[in-house]
There are 2 protein chains.
Amino acid sequence: MGVTIHQVAEIAGVSTCTVSLALRNSPRVKERTKTRIVAVAKELNYRPNALGRALSLQKSSTIGVTLPDISNPFYSRITQGIEEVTSKFGYHVILCNTKYDLEKEANSVHAMLGRKIDGLIISPVESVSYDYLKELKREGIPFVSLRRLPVEEVDYVMANDEEAAYELTKHLISLGYKRIGYIGNTKCGFTDHDRLLGYRRALQDQGLTYDETRVVETGFGMKDGYRASMNLLTRDSKPRAIIAFSDILAMGILLAAKELGIKVPQELAVVGFDDIEFSQSCLVPLTTMALPKYDIGARAAGLLIRKIEQRQQTDAGEISLEEVHRIVLKCKLIIRESCGAYLKIKKR
Amino acid sequence: MGVTIHQVAEIAGVSTCTVSLALRNSPRVKERTKTRIVAVAKELNYRPNALGRALSLQKSSTIGVTLPDISNPFYSRITQGIEEVTSKFGYHVILCNTKYDLEKEANSVHAMLGRKIDGLIISPVESVSYDYLKELKREGIPFVSLRRLPVEEVDYVMANDEEAAYELTKHLISLGYKRIGYIGNTKCGFTDHDRLLGYRRALQDQGLTYDETRVVETGFGMKDGYRASMNLLTRDSKPRAIIAFSDILAMGILLAAKELGIKVPQELAVVGFDDIEFSQSCLVPLTTMALPKYDIGARAAGLLIRKIEQRQQTDAGEISLEEVHRIVLKCKLIIRESCGAYLKIKKR
DNA sequence: CTGAAAGCGCTAACAC
DNA sequence: GTGTTAGCGCTTTCAG
């Protein structure tokens, strides 16, 4: 159907080999024939078949990216970081949504492997085994996780979740809140776990007791935040402040509070993580721990590409003593209205 | 590196051909050898190389999707619709972000063609020529646009923008507003154009004069909405209501109004298009014209796949008299707080 | 019911 | 400088 290298070769009166070289601007072919070939190729509207190329080269110049949900602005921002650097290095990206579903995740990974991706960036859903990741390791496919994992020797790029949660909690405590709840997202494995740890450590460091009845684990959507906070806010001893695992969950809390006639931040402080764009323009602009989303993506992509290309060097068969790369990035507290900090300042 | 069909064949003691057939469960191969082959394949963890397959079959089972910005929840919802149906029919999706940039768009399309996508779904950015779309037509690549275009015989799936804008405007007029502004997005070609037409027609039908100084064209981001409305709202005769091309622009308006101390909806009504998830939880929950985002994606994908597969039938060389498909879907008005409808009701 | 051989489009040794 | 040849992994006639 399409025009192939053969037709270009024939019309230009050379061999396919020469065309191939000429179009990649090899010094091995004379300038004059090169320009002729380029002209013919353009004339015919020739577009090299990436499939054939990949098959021959044993390299697709494609990396796979597997995320829970690209429609979540948090992940789409990460994706931007990834695309920025992959495209700079001449790689393409195949995206997969797992919808926080373990089976879908495994399927996606397998599908991508079948398409001969050169490497993979993955934000794995909580799982007991992480089997397919072990499989990746065994098969020597370079990959980078966006989460810390209970699997040995996995490279990852992530935020310092424990520390960030610690600071966020401390911020609330410093504003005078004592009954502080936490709404987490079970699907997010260690990320949630680490934040919970930071939250707990901050409470204890500041002489407050950790009360596990004030912790509720839920899903990832706004509705989940709504439901979980409804649970928390309709009790006798309801929290005076709530930390949400994400801004999206926090927005769900805002919705619930509104419905219950609870004023934020006057009667309830709400804070989240992520700092997605909409956090500035939601019902009550959110105080949030901003994650370096773009950088997470960019660094992960950079690391992955480095791994891919160094593997191609070491192709001799010797397995290089692989070092494990762990990149942990800092977060930044963004103070807006929902935590009540501005209220306190006014009062004084 | 990976395990190939040859190794499976060798170990199972058959030819590659038989393996190929067996794994696709052809009746041409005996049950017993079939099970043996399947066992070996599983044992070796064999995964067919999609590249080889595509090359041989002249069909990649991949469709390209080119959108301005996947981090925009509007487009990510469309993407969900697309993925739902493509995966049902065994197609994969390659996504490209054009960032509303014409050159990037053209490049993406070419890159995808090089990867031998079987078809393309595209939401084209405003352009004078739409050259590469004509190219697609010429080369016979099936594609579906998500916008009406000034190019002949292009299949598309879209919302009834003119009608929807008409209704939305009428809604505002029915609430008693007279000075109604419009903030548009130039990048969106006919979509913006059609909505402007509907807006205008509604004004005139209701006996109001169309005042072009109340129309300002801008970009697609929240900041653009902010800036454009700042312009509109700091004039002597500022509008009493504003229609934004999208909810994201509308959120920018809310931000500007807040900064200016203008109360929404008491002093300014704001409405948008799209109904993204965050529209319910933004500063003032938005009244908006909900687009059937998911359906747009799903229908586009369905149409495209039909085109792809019927083209494969007609492969004999005869060009079937192609009919042009134009699918126009209805929108739905979602009334929340930002238009002030509830205020009016309370007053009565 | 199974195998041999050719070919999809491209690249890379190795000749000339 | 350029061409020949083989091969990447898979499918598919066409024979057996």
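Just the heavy atoms: all of them, side chains too, but no hydrogens, waters or symmetry mates, feed the values below. All chains are named by letter (A, B, ...) in the order of the sequence lines, taking the proteins before the strands, and each is independently numbered beginning at 1.
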query = Nearest nucleotide by nearest heavy atom, which residue falls closer to the 5' end of DNA chain D, A:Ser15 or B:Leu57?
reply = A:Ser15
task = Mind calculating the distance between CZ (B:Arg115) and P (C:dG9) to the nearest angstrom?
result = 17 Å
ask   = Does B:Arg326 come within less than 4.0 Å of B:Asp155, counting only side-chain N to carboxylate O?
value = no
task = Specify whether A:Phe220 and A:Tyr100 have parallel, tilted or perpendicular ring planes, treating 30° as the upper limit for parallel and 60° as the lower limit for perpendicular.
result = parallel
key: Short side-chain N/O contact to D:dT11 OP1/OP2 from B:Arg53, under 4.0 Å   = yes
ask   = If you measure only the distance, is there a donor-acceptor pair under 3.5 Å linking the side chains of B:Thr79 and B:Ser76?
value = no
query = At what angle, to 10 degrees, do the two end axes of the helix from C:dC1-D:dG16 to C:dC16-D:dG1 meet, given five pairs define each axis?
reply = 40°
request  = Figure out the CG/P separation between A:Asn49 and C:dG9, and round it to whole Å.
outcome  = 7 Å
Pairing residues for A:Arg148 by the salt bridge (Lys or Arg N to Asp or Glu O under 4.0 Å) criterion, not counting sequence neighbours = A:Asp194
task = Among residues two or more places apart or on two chains, list those pairs meeting salt bridge (Lys or Arg N to Asp or Glu O under 4.0 Å) that have a residue in residues 113-124 of chain B.
result = none
request  = In whole angstrom, give the distance that lies between atom CG of A:Leu55 and atom P of C:dT11.
outcome  = 11 Å
Check: B:Gly52 main-chain N/O paired with B:Ser56 side-chain donor or acceptor under 3.5 Å = no
note = From OH of A:Tyr46 across to P of C:dG9 the rounded distance in Å is 10 Å
ask   = Which part of the nucleic acid, if any, lies within contact of A:Gly13, taking any heavy atom under 4.0 Å across all strands shown: a base, the sugar-phosphate backbone alone, or nothing?
value = sugar-phosphate
ask   = Over how many whole Å does the gap from A:Ile5 atom CD1 to D:dG3 atom P extend?
value = 12 Å
query = In whole angstrom, what separates A:Gln58's CD from D:dC8's P?
reply = 8 Å
message = Taking NZ in A:Lys59 as the centre, count heavy atoms belonging to other residues, nucleotides or ligands within less than 6.0 Å. Is the count above 12?
response = yes
message = Rounded to whole Å, please give me the gap between CG in B:Leu51 and P in D:dT11.
response = 12 Å
key: Residue list, ring pair (Phe, Tyr, Trp, His ring centres under 6.0 Å) with A:Tyr130, at least two apart or on another chain   = none
inquiry  = With nearest nucleotide decided by heavy atoms, which residue, A:Ser56 or B:Thr18, maps closer to the 5′ end of DNA chain D?
reply    = A:Ser56
ask   = Please give, in whole Å, the distance from C:dG9 P to A:Leu44 CG?
value = 14 Å
message = Holding to side chain to side chain donor-acceptor pair (under 3.5 Å), I want the full list of residues that pass it with A:Ser20, two or more places apart in sequence or in another chain.
response = A:Arg24
remark   = In numerical order, the residues of residues 22-37 of chain B whose heavy atoms come under 4.0 Å of DNA chain D are B:Arg24, B:Arg28
key: Candidate nucleotides D:dG3, C:dG3, D:dG9, ranked by approach to the side chain of A:Cys17 - the nearest   = D:dG3
